[in-house]
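Presented below is the structure to which this report refers.
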Amino acid sequence: MDEALPLYQQAASLSQVEPVGISCHIGSQLTSLKPFVESTQRVLKLVDQLTAAGIRLQYIDLGGGLGIRYNDESPPTVAEYAAALSGLLAGRSETLILEPGRILSANAAVLLTEVLYLKQSQGRQFVVVDAGMNDLIRPGLYGAYHDIVPVETIEREAFVADIVGPVCETTDYLARDRTLPQVQRGEILAVKDTGAYGFTLASNYNSRPRAAEVLVDSQSYQIVRKRESYEDLVRGEKGF
């Protein structure tokens, strides 16, 4: 923040540069309004300093970061978020830009995976599925929580298990010590809230083709990205 004012002044002095806006981004999956309010106050203070220095901005981009409920979080609603910002921005002439991102996309997608088999080792239960860390790396990368439920909702006993993928890696898991209904081989599980950073972080690690993406609209669906094949994986390679 201390460097911003002189940098804007330098930019304004250049004949081929026109400062038109300011942008900030303070993080992701925020579950309190306080950081948004504090960052907005600091940005507006800087905008007013720029105005006083003769640099009038047209746009204020306050970024994104509003969280969703993956497990037991209690993030603010969109209405609460809007009310907090509206109170700070009332009477201003600049155009407001927001980047809500996760709150729009996260719970718009699920990852569907099939139970390959069940096993027990050293007193631990394992549910081995056909989705791996290449499909959803968030749990293995930084311990992210995703609710996982059977697609078929029937009454059954619960048990505690690790839900793991078929890649031979310590971090190839979707959940650890998770309580879920007793599932069977061949059953389909839904990994919830994978729309943010799910497919975006997917890879072909371990020579695994990426899954198809299917858009569902009520009773109809469209394949919007085809499932990859092994031919896709080697298409760019050149033989000798």
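Only heavy atoms go into these numbers, but all of them, side chains included; no hydrogens, no water, no symmetry mates.
Looking at D72 and Y145, their side chains never come closer than 4.5 Å, going by heavy atoms from C-beta outward. Taking 4.5 Å as the limit, every side-chain heavy atom of V115 sits out of range of all side-chain heavy atoms of Q184. Contact check for N107 versus R69: no side-chain heavy atoms found under the 4.5 Å cut-off. Using a 4.5 Å heavy-atom cutoff, the side chains of L96 and L62 are in contact. Between Q9 and I55, some side-chain heavy-atom pair lies under the 4.5 Å cut-off.
Of the possible donor and acceptor atoms, none in the side chain of E237 sits under 3.5 Å from a partner among the backbone N and O of V234. For the pair Q29 (side chain) and I68 (backbone), a donor-acceptor distance under 3.5 Å is present. Looking at E73, its side chain does come within 3.5 Å of a backbone N or O of N71 through a donor-acceptor pair. Side chain of Y173 to main chain of P139: a donor-acceptor pair is present (N/O by atom type, distance under 3.5 Å, no hydrogens or angles). Distance alone, capped at 3.5 Å, places no donor-acceptor pair between the R178 side chain and the D162 backbone. Checking side-chain atoms of T113 against main-chain N and O of A131 turns up a donor-acceptor pair under 3.5 Å.
Note that the CD atom of E114 and the CG atom of D130 stand 5.5 Å from one another [nearest 0.5 Å]. Separation of atoms CG (L44) and CG (L89) is listed at 5.5 Å; rounding is to 0.5 Å. The structure places CG of L57 at 10.0 Å from CG of D48, a figure rounded to the nearest 0.5 Å. Taking SG of C24 as the reference point, atom CZ of R42 lies at 10.0 Å (rounded to 0.5 Å). Note that the CD1 atom of I163 and the CG atom of D172 stand 12.5 Å from one another [nearest 0.5 Å]. Distance check, rounded to the nearest 0.5 Å: CZ of F36 to CG of L98 gives 9.5 Å.
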- prompt: Is there a side chain to side chain donor-acceptor pair (under 3.5 Å) between N134 and S203 once you walk through the steps?
  reply: CA-CA 5 Å; N134 73 295; S203 72; 5.3 Å; no
task: Could you please spell out the steps behind the side chain to side chain contact (heavy atoms under 4.5 Å, CB included) verdict for L88 and Q41?
output: CA-CA 7 Å; L88 297 171; Q41 290 172 332; 4.0 Å; yes
task: Assess whether side chain to side chain contact (heavy atoms under 4.5 Å, CB included) is satisfied between M1 and Q49, documenting all intermediate values.
output: CA-CA 11 Å; M1 295 292 289; Q49 289 177 329; over 6 Å; no
task: Apply side chain to side chain contact (heavy atoms under 4.5 Å, CB included) to D177 and R124, showing your working.
output: CA-CA 9 Å; D177 294 321; R124 295 182 70 89; 3.1 Å; yes
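For CZ of R227, the number of neighbouring non-hydrogen atoms (other residues, nucleotides, ligands) closer than 6.0 Å is 12 at most. Within 6.0 Å of the CD atom in Q182, the count of heavy atoms belonging to other residues, nucleotides or ligands exceeds 12. Residue I223 qualifies as open at atom CD1: its count of foreign heavy atoms under 6.0 Å is 12 or below. No more than 12 heavy atoms of other residues, nucleotides or ligands sit less than 6.0 Å from atom CZ of R56. No more than 12 heavy atoms of other residues, nucleotides or ligands shown are found within 6.0 angstrom of OH on Y117. Taking a 6.0 Å sphere around OH of Y221, one finds it holds 12 or fewer heavy atoms contributed by other residues, nucleotides or ligands. Residue E3 places its CD atom among 12 or fewer non-hydrogen atoms of other residues, nucleotides or ligands, all under 6.0 Å distant.
The two atoms that bring R138 and L201 nearest to each other are CG-CD1, 4.4 Å, heavy atoms only. The shortest non-hydrogen separation linking P35 to L30 is CB-CD1, 4.4 Å. Nearest heavy-atom pair across A158 and T179 is CB-CG2, 4.1 Å. Across all non-hydrogen atoms, the minimal contact from S28 to Y197 is OG-OH, 3.7 Å. The minimum heavy-atom distance linking P150 with V183 is given by the pair CG-CG1, 4.0 Å. Nearest heavy atom pair, residue E228 against residue R225, reads OE2-NH2, 4.2 Å.
Under a 4.0 Å N-O distance rule, the pair R210/D232 does not qualify as a salt bridge. A salt bridge does not link R208 with E169: none of the charged nitrogens is closer than 4.0 Å to a carboxylate oxygen. Salt bridge absent: R102 and D193 never bring a charged side-chain N and a carboxylate O closer than 4.0 Å.
Side-chain heavy atoms closer than 4.5 Å link hydrophobic residues (I, L, V, M, F, W, Y) into clusters, and following such links, even through other members, never connects V149 to Y70. Hydrophobic cluster membership is shared by L66 and V43, with clusters built from Ile, Leu, Val, Met, Phe, Trp and Tyr side chains linked at under 4.5 angstrom. Under the 4.5 Å side-chain heavy-atom criterion for Ile, Leu, Val, Met, Phe, Trp and Tyr, I188 and L116 are members of distinct hydrophobic clusters. Under a hydrophobic clustering in which Ile, Leu, Val, Met, Phe, Trp and Tyr are joined whenever their side-chain heavy atoms come within less than 4.5 Å, directly or via other members, L33 and I60 fall into the same cluster. Taking hydrophobic clusters as Ile, Leu, Val, Met, Phe, Trp and Tyr residues chained together by side-chain heavy-atom distances below 4.5 Å, F199 does not share a cluster with I137.
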